[in-house]
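For ligands, and for the atoms within them, numbers begin at 1 and follow the listed sequence.
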Amino acid sequence: MRIAIIGTGVAGSLVAEMLAGQPGFSVRAFDRLAAGEESEAGTGLNVGPNAMKALRLYLPERHDAVRAASLPWTRWFIDTAAGERLADIDLLGVAEEPGIRLRWSELYRVLRAPVAHLTRHSARFEALEEAAGGKLRPIFRGPDGELFDDGDFDLLIGCDGRYSRLREITDGTVTPRFFGVALTRLLVPDARDCPFDEYGQWFNGHARLLAFPLPGGAAYIAGSVPLPSPDAEVPAAYRAPGYQPALYEPADAAPCPAVAWMCAKLRAMPEQIHWARLQESPLLRHTMQGRVILLGDAAQGMVPTLGQGATQAVEDAVLTGAVLRAGGGAARIAALRDPRVEWVRRLSVAASDTMLRADPVAGSRAKGKEPFLSMLKQLYTYIPDSI
Ligand SMILES: Cc1cc2nc3c(=O)[nH]c(=O)nc-3n(C[C@H](O)[C@H](O)[C@H](O)COP(=O)(O)OP(=O)(O)OC[C@H]3O[C@@H](n4cnc5c(N)ncnc54)[C@H](O)[C@@H]3O)c2cc1C
């Protein structure tokens with residue numbers, strides 16, 4: 001079977017590694033980026049223990065490489081902006097191993113290296129032709145604007161991210177659902193004076209800071225800023241240097257040292273802050289009668305509240321690889337993955353309550369107790385150990 005993988009981010013690199021060299025498969029991967037070029041190179045992310053379990057079971061070498069490039073994510077605490085502790089979750093109480101914290105560029109480097117030899121870089125997927133015998137011929141645009149193809153394929157695996165061209169061409173434009181929250185991301189390259197050492201969240205009303213240290217002495221700061229309405233764009237005034245700190249600093253108390261430190265960084269580095277909006281898109285696993293399979297964000301853009309976007313992309317990739325190796329196809333992958341992904345999506349939206357309407361203090365306290373802890377356990381451990 002000749003397989004084309006479109007996009008070598010998280011899902012694409014891993015599914016390519018799962019299938020490369022397996023009997024009966026010939027794999028080619030394509031990415032719009034030039035070799036070694038990293039998009040989102042600066043910021044950080046946390047990946048859940050469930051992704052690490054999936055890698056441990058199905059790609060142990062990649063598990064160890066990712067672990068070596070990251071810091072362990074073992075704890076999740078939630079405070080008010082004045083420093084009152086609301087929840088403190090020991091991840092090893094709900095998972096079999098820690099999650100990870102690392103830079104995007106490091107994750108991509110570690111995942112892309114093993115499949116570099118079968119990847120064609122600077123190849124932006126643009127169009128699709130039907131070829132003889134039910135095969136598909138993807139058309140790419142090269143760095144000088146030229147169009148080219150790489151022959152015909154039996155199966156295309158779309159791993160081209162949230163704005164998937166493959167999904168758009170084969171199923172139409174995706175309409176995302178917005179929640180009325182803006183998300184900001186900032187990498188602090190030198191964070192040696194950072195006053196916390198694990199994954200924390202700090203609430204002032206519905207405005208929330210989230211931060212954690214990264215390997216190499218850096219730190220990642222993410223903000224959640226309420227918007228005037230669910231579909232509102234981010235108003236230009238929100239990007240002014242003082243706007244975010246004024247939201248996170250309590251009016252009636254001194255900010256705790258962590259919030260004071262983060263607000264100083266937000267004031268000092270407004271140009272380095274990335275803005276996005278909290279959103280999700282409907283799940284779609286396959287198109288073209290199963291000849292196109294979608295993985296990761298191409299299948300299921302999800303809210304990042306529980307750090308499950310890249311995490312689910314990992315689960316998708318290794319389990320899809322295992323199903324294809326076992327002779328299964330699109331229907332088997334959908335049956336295995338879609339109920340799980342829908343459950344994770346619902347949990348991620350439910351866990352966003354404290355940024356939306358719920359009382360952030362009561363809602364955060366509830367996250368340190370049952371039934372939320374049992375749901376985290378299900379999230380972090382339910383990975384099938386064989387296909
Ligand atoms: C603010 C924010 C914070 C987040 N934080 C976290 C977090 O902490 N933890 C977490 O698990 N997830 C997080 N996520 C989600 C995470 O970013 C994604 O879910 C994850 O990157 C999806 O992986 P993927 O493989 O589907 O796509 P990507 O990793 O985005 O990879 C897509 C690949 O496709 C390539 N590509 C795109 N278009 C084309 C084309 N036309 N032709 C060829 N190649 C193409 C790209 O170059 C790229 O290599 C966050 C998201 C946001 C917005």
Side-chain angles (χ1 to χ4, degrees), residues 4-16 28-35 37-41 43-52 66 70 73 76 99-105 107-109 111-112 115 119-128 138-142 156-169 176 181-187 199 210-212 214 220-225 273-281 294-317 320 341 344-345 348 379:
I5 294 166
I6 312 294
T8 54
V10 177
S13 300
L14 287 170
V15 75
R28 284 288 273 159
F30 303 87
D31 203 285
R32 63 183 174 186
L33 299 177
E37 188 188 332
E38 311 289 2
S39 66
E40 299 288 336
T43 57
L45 83 163
N46 56 303
V47 172
N50 43 321
M52 296 309 288
V66 171
S70 60
W73 175 25
W76 168 12
I100 54 170
R101 310 174 258 147
L102 79 175
R103 287 194 185 200
W104 273 111
S105 51
L107 182 64
Y108 281 146
R109 183 184 63 76
L111 300 187
R112 284 173 174 153
V115 296
T119 303
R120 187 155 177 179
H121 295 101
S122 302
R124 177 185 293 273
F125 169 71
E126 283 220 346
L128 190 58
I139 310 293
F140 302 91
R141 192 172 291 281
L156 304 192
I157 306 184
C159 304
D160 48 344
R162 174 178 294 187
Y163 305 105
S164 169
R165 176 77 176 141
L166 185 53
R167 178 168 176 168
E168 182 184 34
I169 286 183
V181 174
L183 301 173
T184 69
R185 285 179 278 173
L186 175 67
L187 181 93
Y199 175 98
L210 175 164
F212 46 87
L214 292 165
Y220 172 62
I221 302 175
S224 300
V225 179
I273 298 174
H274 298 251
W275 287 79
R277 285 185 293 162
L278 191 73
Q279 60 183 281
E280 66 170 12
S281 356
L294 301 170
L295 303 182
D297 277 9
Q300 66 234 359
M302 63 175 66
V303 299
T305 309
L306 290 174
Q308 285 291 313
T311 307
Q312 288 302 313
V314 171
E315 282 192 21
D316 261 3
T320 294
V341 167
V344 174
R345 281 153 56 88
S348 298
L379 175 66

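Using a 4.0 Å cut-off between heavy atoms, A11 contacts ligand 1 through both its backbone and its side chain. Under 4.0 Å from ligand 1, not a single heavy atom of A222 appears. At a heavy-atom cutoff of 4.0 Å, ligand 1 is contacted by no atom of A276, backbone or side chain. The proximity of N46 to ligand 1, defined as any non-hydrogen pair under 4.0 Å, involves the side chain as well as the backbone. Contact annotation: for R185 versus ligand 1, heavy atoms closer than 4.0 Å belong to the side chain alone.
Close approach of ligand 1 to D297 (heavy-atom distance below 4.0 Å) involves ligand atoms 18 (C), 19 (O), 20 (C), 22 (C), 26 (O). The atoms of ligand 1 that sit less than 4.0 Å from any heavy atom of R124 are 41 (N), 42 (N). Those atoms of ligand 1 that come under 4.0 Å of a heavy atom in D31, given as number and element, are 33 (C), 34 (O), 35 (C), 43 (C), 44 (N), 46 (C), 47 (O), 48 (C), 49 (O). Taking a cut-off of under 4.0 Å to the non-hydrogen atoms of L33, the atoms of ligand 1 that pass are 47 (O). Atoms of ligand 1 lying under 4.0 Å from any heavy atom of G307, numbered from 1 in the order shown and given with element: 7 (C), 9 (N), 10 (C), 11 (O). Ligand-side atoms of ligand 1 in range of G296: 26 (O), range being under 4.0 angstrom from any heavy atom. Atoms of ligand 1 lying under 4.0 Å from any heavy atom of T8, numbered from 1 in the order shown and given with element: 49 (O). Under a 4.0 Å criterion applied to the non-hydrogen atoms of P304, ligand 1 contributes the atoms 3 (C), 4 (C), 50 (C).
At least one donor-acceptor pair closer than 3.5 Å links the side chain of R167 to the backbone N or O of A299. No side-chain donor-acceptor contact under 3.5 Å links D160 to the backbone of G7.
Between Y108 and ligand 1, a contact under 3.5 Å exists for at least one N or O pair. Polar contact with ligand 1: present for F125 (N/O pair, distance under 3.5 Å). For ligand 1, none of its N or O atoms has an N or O atom of Y220 under 3.5 Å away.
Residue A123 places a heavy atom under 4.0 Å from ligand 1. Taking 4.0 Å as the cut-off, W104 counts as a neighbour of ligand 1 on heavy-atom distance. Note on ligand 1: R112 sits in its first shell, one or more heavy atoms being nearer than 4.0 Å. At a 4.0 Å cut-off, at least one heavy atom of R162 sits close enough to ligand 1 to count as contact.
Contact check for R165 versus I6: no side-chain heavy atoms found under the 4.5 Å cut-off. Here the side chains of W73 and I100 are not in contact, with every heavy-atom distance at 4.5 Å or above. Taking 4.5 Å as the limit, some side-chain heavy atom of F140 sits within range of a side-chain heavy atom of F30. L111 has its side chain out of reach of T8: every pair of non-hydrogen atoms, C-beta onward, lies at least 4.5 Å apart. The closest side-chain heavy-atom distance from N46 to W76 is not below 4.5 Å. Two residues are said to be in side-chain contact when any heavy atoms from C-beta on lie closer than 4.5 Å; V115 and I5 fail this criterion. Between L278 and T305 there is a side-chain heavy-atom pair separated by less than 4.5 Å.
Of the candidates A51, S164, A310, the one placing a heavy atom closest to atom 11 (O) of ligand 1 is A310. Relative to atom 33 (C) of ligand 1, the option among P138, C159, G44 with the closest non-hydrogen atom is C159. The closest non-hydrogen atom to atom 6 (C) of ligand 1, taken over V15, D160, L45, comes from L45.
Remark: T119 engages no residue in a side-chain hydrogen bond (donor to acceptor under 3.5 Å, both in side chains) (not counting sequence neighbours). Legend: residues meeting side-chain hydrogen bond (donor to acceptor under 3.5 Å, both in side chains) with R345, ordered by chain and number and at least two apart, are E342.
Across all non-hydrogen atoms, the minimal contact from R103 to L45 is C-CD2, 4.4 Å. Taking every heavy atom of both residues into account, D297 and R162 meet most closely at CB-N, 3.4 Å.
Applying side chain to side chain contact (heavy atoms under 4.5 Å, CB included) to N50 and the options V344, L379, V314 leaves one that passes, L379.
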